[in-house]
*Asks:* 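Please find one structure pasted underneath; my questions will follow.
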Amino acid sequence: MSTISEILSSAVGSAFKAEGLPEDLGLVRTSDRPDLAQFQCNGAMQAAKIAKKAPRQIAESVLGHLEGDTRFSRVEIAGPGFLNLNVTDEFLTSHVNAIAADERLGCPTVENVRKVVLDYGGPNVAKAMHVGHLRASIIGDSLRRLFAFLGDDTVGDVHMGDWGLPMGMLITEVKREQPGLIYFDAEQTGPYPVESPVTIDDLQRLYPVAANRCKESPEDLDEARLATAELQAGRPGYRALWQQFFDISVSEMKADFSNLGVEFDLWLGEAAVNDLIAPMVDEMKASGVAEMSQGALIVPVSEEGDNPELPPLMMLKSDGAVTYGTTDIATIEHRRQNIDPDLILYVVDQRQHLHFEQVFRAANRAGVTGKAELEHIGFGTMNGADGKPFKTRAGGVMKLRDLITMAIEAADERIEEFGLAEEIGTEERAGIVRMVALAAIRFADLSNHRQSNYIFDLDRFIRFEGKTGPYLLYAAVRVKSLLRRAGDAGIVPGEILPPGDLERGLVLMLDRLPEFIQAAYERRAPNELCEFAHTLAQEFSTFYQNCHILSEENKALQASRLALAQLALRQLLLVLSLLGIQVPERM
RNA sequence: GGCCCCGUAGCUCAGUCGGAUAGAGCAUCAGAUUCCUAAUCUGAGGGUCGCAGGUUCGAAUCCUGCCGGGGUCACCA
C-alpha cells in the first residue's frame, strides 16, 4: 500500500515525463509550509537546469497535465517554482480508511527479504553491566524490532566479551585467593566440580582488583597474559574455571537485559568462535593475507588513498594470544557458516569506528564475509550534567542496575505526586511504575540522534510533560480509556468520514507513518520513530481536545471519530513497540 | 601532530537526495476546563545555524581555511 506522497509522486512524475523530463523530479513530499499547502514538489527548479527553461515555466507545463486529476483540490505555483498541492477530503478519506483496514497500518514490507544479523549489547563476563551498555542494548534492540517488522529475517546476537585478557586476569586473581583449587593443577584434566568456586559478587569484586594490579605491576600483567594464552590454547583447568565464570555471568546478564526489555536470539561470545581461529589463521597465513611483524601476526589493511595508513589488524599477539579483532573476524566466519547473512550490523560505540574499519577490510581480504555487507552502527556517549561521561556522585561508573533502580524510584515519586494509580492494586501499580521508568529511559535515549552524545537528565526524562516517554504512555492510555468507555456505552468505530478542520491534521499525520518507518530503517535511526510518535500524540491531543467523542450526537460522526482515535492508538502502539516501550492498560 | 565526529533559541535537542518565514520540548508571558485522564490544548516572545570565504537561482545542509569541544591513532576490550 502506498502513501499519499507516493501516489502523488507518481502522478506528478508522469507529468514531468510527459514534458520529456526525468520522472523522479516529480517527487512529492509533505509540505514544509502547512499554511500554504499539504504537499509540495520542488522538481521544477531542478528541471530548470536540465531543460534550460525558467522554473516557473516548467511548473506551468507540469501543472497543465495535472488539471484533470480529481484527487487534487488545489494545485498552484509559488515562489521560484514550488508546486503546492492539496488533495480533496474525499481522497484523504478513502486513503485513511484503507490504512485503518490494513493490518500493517499502511506500512509495506521490504521487497527483498534479507537475513540480517544485529550485533549489540556486548556485555562482559564477570563485569556488571554499566551505563555504557545501555545505548548498545536499546538501539540494537530497537533496530532489530524495526528490521523484523519490515520483513527482514533478523538474528540478534549479544556478542559477549568473554575471551580476552580480563579472563586471564581473573584466573590469576582467583588463583591468588584460592591457590589450592583443582583448576590450577596443570597435571589434572578433570573432572571438575559442578559448583563454582566463586560467585558473581566475587567476580565483580575481583576484576577491578586484578585490573589495578596489572596496571601497577608488569610482572602481574605478564602472568595474566600467560594465563590468557593458556586458556585460549585449551588448558583444561582454565577452560573449566572459565566455564564457571561464563555461566554465572550469563544468568546475571539475562536478568539485566530482561529488566531493560531487551531480547536476543543468540547468546554467543568471543569464546564460541575460538575453534575456528586456528584453521582460519593458517589459511590467512597460507594465502598471504596475514603476515608476521615484530613477532605478531597481523593483517595489513591500509589501502590506496589512506592518509595516514590505517594500522594493521592484530590477529595474534607476540605471546600467541588472540585479540578482539581476531575473534571479530572469526565471528564473521562463524556467522557465514551458520547463518549466511546478507547484512551484519554492529551496534557499537562510535569510538570503535576505526577498529571496525580495520575488521571489515581484513574480513574482506580474508574472504570470510560471504555475501554479507558489514556496517558499523556507531553511537555517541551518554553524559552527565557536566557534559562529561556519566558517573555516579562518587565519580565511579554507574551500574545499569542502579540506573534502572533510580529511574523506578523517580517514576514512583512522579506517580505518587500526581495522585495517579491510587485505586490500582500494588502489583499492577508496580508494573506501571516500571513501564513509566523504562519508557522514560528508552525514549530519552532513542529520541536523540544515535551518533550524537546526550546528557542524561532523569528529572527531565521522567516528566509527563513534553517530549518524553511518560507523555506518550499517558497519551496512549488516555485513548485506551476512551475506547473502553465507548465500548461500555455500545459505541463502535465506524467508517471514517471526510475530515473537517478539526480532524484533518490528525488524518494527514496518520498517513505519514510509513514515511517515518522507512526513514528510520534506511538511516538506522530510531529517533525518526520517536519523532513520529511524539508528533502523532500531539496531533491526537489537539483532536481529542476539540472533538468530544462520547457526547457527540451525530452517530456517524461519532463512529468516525472513534475510528480515528482507534487508528491513532494502533499506530502509536506499533511505533512504541518498535522502540521497545510497553504501554499499561490504565494508569 | 594525522584522521573522525560535533558546534543550531536561555537550557536540552531535531533538522544529510541543497529549497519558501530554520523546528520541537523545557523555561518565560497571555489564554482555554459544566464534558471522554488539564500529566492536556491554543497563542506570543526568543536565532549573525561557531567565524570567514567559495560553489549555486537558492546553503544549517556541499567545498576550503580558521576558532572551540570530544574521540581516536597495532600487541586492552
Side-chain angles (χ1 to χ4, degrees), chain A residues 24 27 31-33 35-36 40 42 45-46 48-49 54-55 78-82 84 122 124 127 161 163-166 169 211 214-215 221 225 270 293-299 306-319 321 323-325 327 349-355 357-358 378 380-381 383 387-389 414-415 417-418 420 444 447-449 451-455 457 460 463-468 470-471 473-475 477-486 489 523 527-528 530-531 534-535 538 541-552 562 565 586-587:
Chain A
D24 57 9
L27 182 69
S31 177
D32 291 333
R33 294 284 307 272
D35 53 320
L36 299 179
Q40 67 180 39
N42 299 343
M45 290 174 291
Q46 290 157 40
K49 284 177 190 166
F82 294 100
N84 282 339
N124 297 309
K127 287 199 264 185
W163 207 231
L165 184 60
M169 298 195 318
C214 290
K215 205 166 152 189
L221 180 58
R225 280 186 172 143
E270 302 180 285
S293 169
Q294 298 170 33
L297 186 73
I298 60 162
V299 179
D306 287 350
N307 178 32
E309 290 199 348
L310 221 58
L313 187 74
M314 181 74 52
M315 289 300 290
L316 295 177
K317 298 191 285 186
S318 43
D319 64 3
T323 72
Y324 76 130
T327 55
D349 194 312
Q350 186 63 34
R351 288 175 292 192
Q352 307 237 14
H353 190 72
L354 180 63
H355 167 72
E357 186 63 35
Q358 292 172 290
T381 57
N383 295 337
K388 293 181 179 165
R414 295 301 284 184
I415 287 171
E417 189 180 332
F418 285 98
L420 217 78
S447 62
N448 287 291
H449 182 76
Q451 303 249 30
S452 57
N453 304 333
Y454 77 98
I455 294 179
D457 182 348
R460 186 159 61 82
R463 298 178 77 141
F464 282 92
E465 306 92 351
K467 194 174 178 179
T468 68
Y471 165 76
L473 252 40
Y474 163 74
V477 164
R478 200 163 57 160
V479 192
K480 283 189 177 189
S481 167
L482 169 64
L483 290 171
R484 254 197 315 271
R485 280 170 171 268
R523 293 165 48 194
N527 65 308
E528 293 285 348
C530 294
E531 195 63 35
H534 180 246
T535 309
Q538 280 191 312
S541 286
T542 300
F543 159 80
Y544 179 86
Q545 193 81 15
N546 293 324
C547 302
H548 198 273
I549 296 172
L550 296 184
S551 65
E552 176 57 50
L562 192 61
R586 52 181 188 160
M587 58 197 272

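Keep in mind that what you see is a predicted model, and the values were worked out from it rather than measured. Each chain gets a letter, A, B and so on, in the order the sequences are listed, and its residues count up from 1. All values below were derived from every heavy atom in this structure, side-chain atoms included, with hydrogens, water molecules and symmetry-related copies excluded.
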*Asks:* Indicate yes or no: at least one non-hydrogen side-chain atom of A/R225 is less than 4.5 angstrom from one of A/C214.
*Replies:*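 Sidechains of A/C214 and A/R225: no contact.
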*Asks:* Rounded to the nearest angstrom, tell me the gap between atom CG in A/N448 and atom P in B/U12.
*Replies:*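 A/N448 atom CG is separated from B/U12 atom P by 12 Å.
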*Asks:* Between atom NZ in A/K467 and atom P in B/U12, what is the gap in whole Å?
*Replies:*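 Going from A/K467 (NZ) to B/U12 (P), I get 16 Å.
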*Asks:* For a quick test of reading the model: is some side-chain N or O of A/Y471 closer than 4.0 Å to OP1 or OP2 of B/C41?
*Replies:*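 Yes, A/Y471 has a side-chain N/O under 4.0 Å of OP1/OP2 on B/C41.
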*Asks:* If you compare every side-chain N and O of A/N453 against the phosphate oxygens of B/C13 (OP1, OP2), does one of them come in below 4.0 Å?
*Replies:*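 Indeed not, no polar side-chain atom of A/N453 lies that close.
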*Asks:* Any base atoms under 4.0 Å from A/A565, or only sugar-phosphate, or nothing? Heavy atoms, all strands.
*Replies:*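 The residue A/A565 makes no contact with any strand.
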*Asks:* Give a yes/no on whether any side-chain N or O of A/S452 is located under 4.0 angstrom from OP1 or OP2 of B/C5.
*Replies:*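 Answer is no, no contact under 4.0 Å.
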*Asks:* Figure out the CD1/C1' separation between A/I549 and B/C35, and round it to whole Å.
*Replies:*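 Rounding to the nearest Å, CD1 of A/I549 and C1' of B/C35 are 12 Å apart.
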*Asks:* Looking across every strand, which nucleic acid part, if any, lies under 4.0 Å from A/H534 by heavy atom: base, sugar-phosphate, or nothing?
*Replies:*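 A/H534: backbone/sugar contact only, no base atoms under 4.0 Å.
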*Asks:* Do A/Q40 side-chain and B/A20 base share a donor-acceptor contact under 3.5 Å?
*Replies:*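 Side chain to base: pair found, below 3.5 Å.
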*Asks:* Please report, rounded to the nearest Å, how far the C1' atom of B/C3 is from the CG atom of A/L310.
*Replies:*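 A/L310 atom CG is separated from B/C3 atom C1' by 10 Å.
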*Asks:* So, is A/H353 close to the B/G71 phosphate, meaning a side-chain N or O under 4.0 Å from OP1 or OP2?
*Replies:*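 Negative; the distance criterion is not met.
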*Asks:* Per the atom types in the model, does the base of B/A20 pair as donor or acceptor with the side chain of A/N84 at under 3.5 Å?
*Replies:*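 Indeed there is one.
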*Asks:* Within the structure shown, what part of the strands sits under 4.0 Å from A/I455 by heavy-atom distance: base, sugar-phosphate, or nothing?
*Replies:*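 Touches sugar-phosphate only.
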*Asks:* Which whole number of Å gives the distance between the C1' atom of B/G54 and that of B/G18?
*Replies:*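 Pairwise C1' distance, B/G54 against B/G18, rounds to 15 Å.
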*Asks:* Under 4.0 Å, heavy atoms only, any strand: does A/L36 hit a base, just the sugar-phosphate, or nothing?
*Replies:*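 Base, at least one base heavy atom under 4.0 Å.
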*Asks:* Can you tell me if the side-chain N/O atoms of A/R463 get under 4.0 Å from OP1 or OP2 in B/A27?
*Replies:*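 It does, given that an N or O in the side chain of A/R463 lies less than 4.0 Å from OP1 or OP2 of B/A27.
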*Asks:* Counting only side-chain nitrogens and oxygens, does A/R484 get under 4.0 Å of the OP1 or OP2 atom of B/U37?
*Replies:*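 For B/U37, neither OP1 nor OP2 has a side-chain N or O of A/R484 closer than 4.0 Å.
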*Asks:* Hey, is the side chain of A/Q538 poking within less than 4.0 Å of OP1 or OP2 on B/G25, counting only N and O atoms?
*Replies:*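 So the side chain of A/Q538 is within the cut-off, an N or O lying under 4.0 Å from OP1 or OP2 of B/G25.
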*Asks:* Hey, is A/F82 doing a stacking thing with B/G19, by the 5.5 Å centroid and 30° angle criteria?
*Replies:*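 One would not call A/F82 stacked on the B/G19 base.
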*Asks:* Within this structure, what is the CG-to-P distance between A/D457 and B/G25, rounded to whole angstrom?
*Replies:*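 For the pair A/D457 CG and B/G25 P, the rounded distance is 18 Å.
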*Asks:* Applying a 4.0 Å non-hydrogen cut-off, can you work out what A/D35 is touching in the nucleic acid: base, sugar-phosphate, or nothing?
*Replies:*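 Touches a base.
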*Asks:* Extract from the structure each pairing of a protein N or O with an N or O of nucleotides 73-76 of chain B at less than 3.5 Å, listing the distance.
*Replies:*
unit_1: B/A74; atom_1: N6; unit_2: A/Q294; atom_2: NE2; d: 3.1
unit_1: B/A74; atom_1: N1; unit_2: A/S293; atom_2: OG; d: 3.4
unit_1: B/C75; atom_1: O2; unit_2: A/S318; atom_2: N; d: 2.8
unit_1: B/C75; atom_1: O2; unit_2: A/S318; atom_2: OG; d: 3.2
unit_1: B/C75; atom_1: N4; unit_2: A/Q294; atom_2: O; d: 3.1
unit_1: B/C75; atom_1: N4; unit_2: A/Q294; atom_2: OE1; d: 3.4
unit_1: B/C76; atom_1: OP1; unit_2: A/R225; atom_2: NH2; d: 2.5
unit_1: B/C76; atom_1: OP2; unit_2: A/R225; atom_2: NE; d: 3.1
unit_1: B/C76; atom_1: OP2; unit_2: A/R225; atom_2: NH2; d: 2.8

*Asks:* Counting the atoms with a prime plus P, OP1 and OP2 as sugar-phosphate, which does A/E531 contact under 4.0 Å by heavy atoms, base, sugar-phosphate, or nothing?
*Replies:*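 Sugar-phosphate: the residue A/E531, judged by heavy atoms under 4.0 Å, touches backbone atoms but no base.
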*Asks:* Examine B/C36: is either OP1 or OP2 under 4.0 Å from a nitrogen or oxygen in the side chain of A/S551? Give yes or no.
*Replies:*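 No, A/S551 has no side-chain N/O under 4.0 Å of OP1/OP2 on B/C36.
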